[in-house]
Amino acid sequence: MHTNSTIELNTTAYKNNLSFLRTTFGKKVQISCVVKGNAYGHGVREIVSMAYKNGITHFSVFDVQEAKDIIEELQDKATVMVMGLVQDEDMEWVVDNNVEFFVFDKGRLTKAVKTSKKLNKKAIVHIEVETGMNRTGFEKNALNSIIPYLKKEKEYVYFKGLCTHYAGAESIANYYRVDKQIKRFEEIYQYLCKNDLKPEIKHSACSAASIMFPETRMDMVRIGILQYGLWPSPEVFVNYLSTKKSKIDPLQRVITWKSQIMSVKKVKIGEFIGYGTSFLAERKMKVAVIPIGYSHGYSRSLSNQGRVLIHGQQCIVVGSVNMNMMTVDVTNLESVKKDDEVVLIGSQNDIALTIASFSDYSNQLNYELLTRISKTIPRKIIE
Ligand SMILES: *Cc1c(COP(=O)(O)O)cnc(C)c1O
C-alpha cells in the first residue's frame, strides 16, 4: 500500500445523500446501493459498512468477487445481487450464500436449477428482460421458452425479481427510447402475470431514471452515482432543480483525494516542461511536482488540463501526466513548498474542485474517473 496520497470518505455527506434519496423515493421503494467498480472508486468495504450503518441492507454488484467482498464485510446481514457475470464455477457459492443474481439466458437458469438440486437450496433469481438497450436480457421468444421451465422448477428457483436497464436515461436526447422501454417493461410484466408467473418485485431504475422518470422507481431502485453525491449528468441535475423551489444541490460529495507536494522548482522562460514538447514556459515559472500519475488513476488525458488545489487556489497541470508524477503550475503562489497539501478531488479553504469539473476538462464521465482511482490508495472514513 502506498501513501503518496489518501482518500477520505465523509460519513456526514454520505448520510445526507442517503436521506435525500429516502425522502425523494418514499418508504415503499427499497434502495439497492450499487457498489460495482470498487464502489465507484470509493472502496467497496468502506462504502458497504457506511451504508449498512445507515440502514441499507441491499447491495448490487457486477460480479461474484465483488459479492464476496461484501459478504466478508457484512456476513449475512445484507442481501447481495449480482447484476452481471456469474461464472459456472461460482454458481455453488452464489446459491449457497443466498446471493441473488440476474438471469438473462437459459443456460444460466438451467445451471441455477442444477446447482439448487445439488445443494438442496433455492436459487434466487432476477429475470432480466430486453426492452431496448440490446445488451443483456431475454427477448420475447426466449422468454416464452423459460415460462414453463420456471413454473416446473419452482421448487428450485425463486423468481424474486423482474428487471431491465435503460439505455441512457441521463440525457433528454434519449427520452423517446427510454419511454418506449418503460412501456415495453410494463407489457412484459403484465404478460408474465397473465401466465401465472408473478415476481415478488420489479425494478428498473438507475440514478438517472429514478430522477428523470419517477414511474421507473417501482419496488426497488438501483442507485450508484447519486449515493456518492454526484449527478449522472448536468441534465439530470437541472431537471431535478426545475421541479424544486430551492436551487441548492441536495447532494454532497463523499470523496476527497489528497496528496502533498514532493518538490518545487523554477523553470526559465523558453524551456519545455516534462516529456517532449507539449508545454512551453512562455514566462518564468514555478512548478510543483506531485507524486500522482496515471498508475494511481489520474488519467493521462488530464495532461495540460487537469486542475488541483494548492493553498486554496486552482493550479493547472502542465506537461503530461506521467506514470507516477505530474507537474502543476504554482507560479502565482508565494510561499509554496514541499509537503504542502494538494487536493485532487475535494475542497480546500472553501474552494471546491468537483469531480464534474475535473472531468469536464478531459471529456470523461464522473463514473470513469472515479473508478480509475487505484485500489491501493488507503481509504479513511471521516466522521
Ligand atoms: C451501474 C448500474 C446501475 C447504477 O447506475 P447509476 O447510474 O450509477 O445509478 C443500475 N443498474 C445496472 C444494471 C447497472 O449496471
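Because the structure is a prediction, the values reported are computed rather than measured. Index from 1, following the sequence. One-based numbering, in listed order, for ligands and for the atoms of each. Computed over heavy atoms, backbone and side chain alike; hydrogens, waters and symmetry mates excluded.
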Which atom pairs, one a donor and one an acceptor, fall under 3.5 Å between side chains of residues 218-230 and the rest of the protein, sequence neighbours left out?
unit_1: Asp219; atom_1: OD2; unit_2: Lys202; atom_2: N; d: 2.8
unit_1: Arg222; atom_1: NH1; unit_2: Thr164; atom_2: O; d: 3.4
unit_1: Arg222; atom_1: NH1; unit_2: His203; atom_2: ND1; d: 2.9
unit_1: Arg222; atom_1: NH2; unit_2: Thr164; atom_2: O; d: 2.8
unit_1: Arg222; atom_1: NH2; unit_2: His165; atom_2: ND1; d: 3.4
unit_1: Arg222; atom_1: NH2; unit_2: Ser204; atom_2: O; d: 3.3
unit_1: Gln227; atom_1: OE1; unit_2: Tyr14; atom_2: OH; d: 2.6
unit_1: Gln227; atom_1: NE2; unit_2: Val34; atom_2: O; d: 3.1
unit_1: Gln227; atom_1: NE2; unit_2: Ile223; atom_2: O; d: 2.9
unit_1: Gln227; atom_1: NE2; unit_2: Gly224; atom_2: O; d: 3.3
unit_1: Tyr228; atom_1: OH; unit_2: Val34; atom_2: O; d: 2.9

> What part of Lys36 sits under 4.0 Å from ligand 1 if we count only heavy atoms: the side chain, the backbone, both or neither?
Replying inline: side chain
> ligand 1 and Met83, any nitrogen or oxygen pair closer than 3.5 angstrom?
Replying inline: no
>> Taking the cut-offs as 6.0 angstrom to the six-membered ring centre and 45 degrees off its axis, would you call Lys122 and Tyr156 a cation-pi pair?
In response: no
> From Ile273 CD1 over to Lys265 NZ, what is the distance, rounded to the nearest 0.5 angstrom?
Replying inline: 10.0 Å
> Under a 4.0 Å heavy-atom limit, does Val34 contact ligand 1 with its side chain, its backbone, both, or neither?
Replying inline: side chain
> Just checking, Lys36 and Phe62: is the charged tip under 6.0 Å from the six-membered ring centre and within 45° of the axis?
Replying inline: no
> Do ligand 1 and Ile223 have nitrogen or oxygen atoms that lie under 3.5 Å from each other?
Replying inline: no
> Quick one: nearest non-hydrogen protein atom to atom 11 (N) of ligand 1, plus distance?
Replying inline: Arg222 NE, 2.9 Å
> Using the ring of each side chain (for Trp, its six-membered ring), is Phe20 parallel, tilted or perpendicular to Trp231, with breaks at 30° and 60°?
Replying inline: perpendicular
> What do you reckon, does Tyr367 put a non-hydrogen atom under 4.0 Å from ligand 1?
Replying inline: yes
> So Gln181 and Phe185, side chain to side chain contact (heavy atoms under 4.5 Å, CB included) or not? Walk me through it.
Replying inline: CA-CA 6 Å; Gln181 285 190 273; Phe185 187 55; over 6 Å; no
>> Within the 4.0 Å heavy-atom shell around Tyr40, which atoms of ligand 1 are there?
In response: 1 (C), 4 (C), 5 (O), 6 (P), 8 (O)
> For atom 9 (O) of ligand 1, what's the nearest protein heavy atom and its distance?
Replying inline: Ser207 OG, 2.5 Å
